[in-house]
Amino acid sequence: MTDSPTRRALITGITGQDGSYLAEFLLDRGYEVVGMVRRSSTVNYERIAHLMDRLEFHSGDLLDQMSMVEAIREHAPHEVYNLAAQSFVQTSFGQPVLTGETTALGVTRMLDAIRLVDPSIRFYQASSSEMFGKVHEVPQTEATPFHPRSPYGVAKVYGHWITVNYRESYGLHACSGMLFNHESPRRGLEFVTRKISHGAVQIALGQATELRLGNLDAKRDWGFAGDYVDAMWRMLQLDEPEDFVICTGETHTVREFCQAAFARVGLDWEKHVVIDHKYYRPAEVDLLVGDGSLAAERLDWRPSVGFVELVEMMVDADLALLEGRLRHLS
Ligand code: NAP
Ligand code: GDD
């Protein structure tokens, strides 16, 4: 660690679900937080609208090396959290090269920027349980071999290993969090949990009659995003960088998520959910469930929100949003 009294963090992906929770978390701990944001024709700061006057921004893109060098040079962060990615698995089948450029090579661009400008910076890489894919053991640990099942999963495996490689080659304090699925009211509407919570509420309010979904048998280890950003920070506070699985240790099917979400608004999910094969994937990840004992031991980190509580939190937030009681998701 440096001896600067105020810690400064650079977050890529600050406009995303995790970026918004991490920004809040770090601001609460007295950090100065800089978000790297890419240019778009409409502003998409909805998840961080409540933090705008406490954040700094740097315009950049994971596809553009110089913008990352400049972000590091200009803001001199002590910690960099690389959360930006093309993060939607389904899209990665349709846009595999873009996914590779962003989610895989983008990691190397950031590591090179750090290596060249200030190798003392601590680096967090957002690795994923998607890397386990067609799982070789149950539950999955830090030692479980990778077998990715999508261009996204393959890109994340690259991002993971290049992080390990820069740590071993150049002595960077660089680590990866192998995070299992984590959700929240700020989750993008295309991901299955939010699609279900939002869809169930729309049906309950008479704004829709059915919800079209794909594979209901897939099992995921779902936690709360607000808990998981704490684990990211804890990883960067270790004296020696190390990679961790971050999970709840419980797994549930998409069907169970439907059941719990529709029950929260007093509906029977079976009367409204329609199977649509366009939401099936060319290759599926059937079962994810992690073993988080290393994180519990070394980081003293445990999840605080259980499955039913998470589903109800998401449904309640969508109800408030769609009834007009909430103006935005913060
Ligand atoms: P998210 O909501 O989809 O946010 C992705 C972020 O990346 C957005 O801020 C997006 O910016 C930014 N981004 C995309 N392409 C970019 C580019 N070329 N240059 C700069 N920024 C770019 O994802 P999330 O759920 O917060 O996940 C955060 C990270 O953790 C991702 O790397 C994801 O793959 C990984 N992860 C997530 C989970 C999970 O369950 N949530 C689990 C394991 C790992 P725009 O707003 O401009 O699109
Ligand atoms: N998105 C979506 N939409 N998924 C559906 C649907 C649907 O209509 N119907 C069924 N599913 C199934 C998918 O086939 C998958 O098995 C499961 O629901 C979860 O899909 P997503 O919510 O899209 O998440 P994911 O598990 O593919 O990926 C998320 O978690 C990864 C960590 O394991 C993303 O956040 C990734 O970025 C993250 O790395």
Side-chain angles (χ1 to χ4, degrees), residues 11-22 35-40 42-48 58-64 67-68 71 81-92 98-99 101-103 105-107 109-110 124-133 140 148-150 152-153 155-156 159-160 176-184 186-196 199 211-225 228-229 232 246-247 253-255 257-258 273-288 290:
I11 303 176
T12 72
I14 197 165
T15 53
Q17 171 188 257
D18 290 8
S20 68
Y21 283 107
L22 181 63
M36 195 184 86
V37 288
R38 54 181 177 163
R39 192 260 163 191
S40 65
T42 51
V43 178
N44 66 342
Y45 293 178
E46 191 188 1
R47 295 184 177 103
I48 47 172
H58 187 98
S59 177
D61 196 301
L62 284 188
L63 302 176
D64 186 88
S67 64
M68 290 148 93
Y81 295 85
N82 184 40
L83 308 187
Q86 192 304 95
S87 74
F88 190 39
V89 171
Q90 185 101 41
T91 292
S92 77
L98 176 79
T99 301
E101 282 287 352
T102 308
T103 305
L105 287 175
V107 187
R109 294 188 188 99
M110 184 53 93
Y124 173 85
Q125 166 57 16
S127 285
S128 166
S129 52
E130 269 287 310
M131 301 188 304
F132 299 121
Q140 294 86 54
R149 294 276 278 171
S150 63
Y152 168 82
K156 280 291 180 187
H160 181 84
S176 275
M178 293 173 255
L179 271 53
F180 283 62
N181 297 51
H182 44 280
E183 318 294 314
S184 74
R186 298 182 201 167
R187 190 55 144 150
L189 281 165
E190 68 276 36
F191 297 94
V192 79
T193 53
R194 183 78 197 293
K195 185 172 170 183
I196 295 169
L211 176 63
R212 303 185 82 81
L213 294 173
N215 178 15
L216 302 186
D217 295 319
K219 292 178 126 181
R220 290 291 181 276
D221 178 330
W222 277 300
F224 171 53
Y228 284 43
V229 298
M232 298 174 187
I246 303 295
C247 61
T253 59
V254 173
R255 184 178 288 99
F257 199 102
C258 284
V273 171
V274 176
I275 300 302
D276 186 334
H277 285 272
K278 89 171 175 212
Y279 295 113
Y280 275 68
R281 295 171 180 180
E284 178 62 286
V285 171
D286 295 319
L287 162 68
L288 290 176

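Read the numbers this way: they start at 1 and go in the same order the structure lists the ligands and their atoms. Note that these values count all heavy atoms, side chains included, but never hydrogens, waters or copies made by symmetry. These numbers come from a predicted model, not from an experiment.
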Check the angle between the aromatic planes of Phe191 and Phe88 and answer parallel, tilted or perpendicular using the 30° and 60° thresholds.
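It falls in the perpendicular class, over 60°.
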
Relative to ligand 2, is [X] under 4.0 angstrom through side chain, backbone, both or neither, heavy atoms considered?
X	value
Asp276	neither
Glu284	side chain
Leu213	both

So if I count the atoms of ligand 1 from 1 in the order they appear, which ones are less than 4.0 Å from some heavy atom of Ser127?
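Every atom of ligand 1 under 4.0 Å from some heavy atom of Ser127: 43 (C), 44 (C).
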
Minimum non-hydrogen distance to [atom], winning option of [options]:
atom	options	value
atom 21 (P) of ligand 2	Glu183, Met131, Arg281	Arg281
atom 32 (O) of ligand 1	Gln86, Lys156, His182	Lys156
atom 12 (C) of ligand 1	Cys247, Gly16, Ser59, Ala84	Ala84
atom 16 (C) of ligand 1	Met36, Arg220, Arg38	Arg38
atom 26 (O) of ligand 1	Thr12, Asp18, Ile14	Asp18
atom 3 (O) of ligand 1	Gly159, Ser87, Gly188, Gly60	Ser87
atom 37 (O) of ligand 2	Ser87, Gly153, Ala85	Ser87

At the 4.0 Å heavy-atom cut-off, does Tyr280 count as touching ligand 2?
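No; Tyr280 lies far enough from ligand 2 that no heavy-atom distance drops under 4.0 Å.
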
Answer yes or no for Tyr152: is there a heavy-atom contact with ligand 1 below 4.0 Å?
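Under 4.0 Å: yes for Tyr152.
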
Tell me, do Leu211 and Ile196 make a side-chain contact under 4.5 Å, heavy atoms counted?
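Result yes, sub-4.5 Å side-chain heavy-atom pair found.
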
[atom]: the protein heavy-atom neighbour that sits closest, reported with distance to 0.1 Å:
atom	result
atom 35 (O) of ligand 2	Arg187 NH2, 2.8 Å
atom 18 (N) of ligand 1	Asp61 OD1, 2.8 Å
atom 15 (C) of ligand 2	Arg220 NH2, 3.4 Å
atom 14 (C) of ligand 1	Ala85 O, 3.2 Å
atom 28 (C) of ligand 1	Leu83 O, 3.4 Å
atom 20 (C) of ligand 1	Leu62 N, 3.7 Å

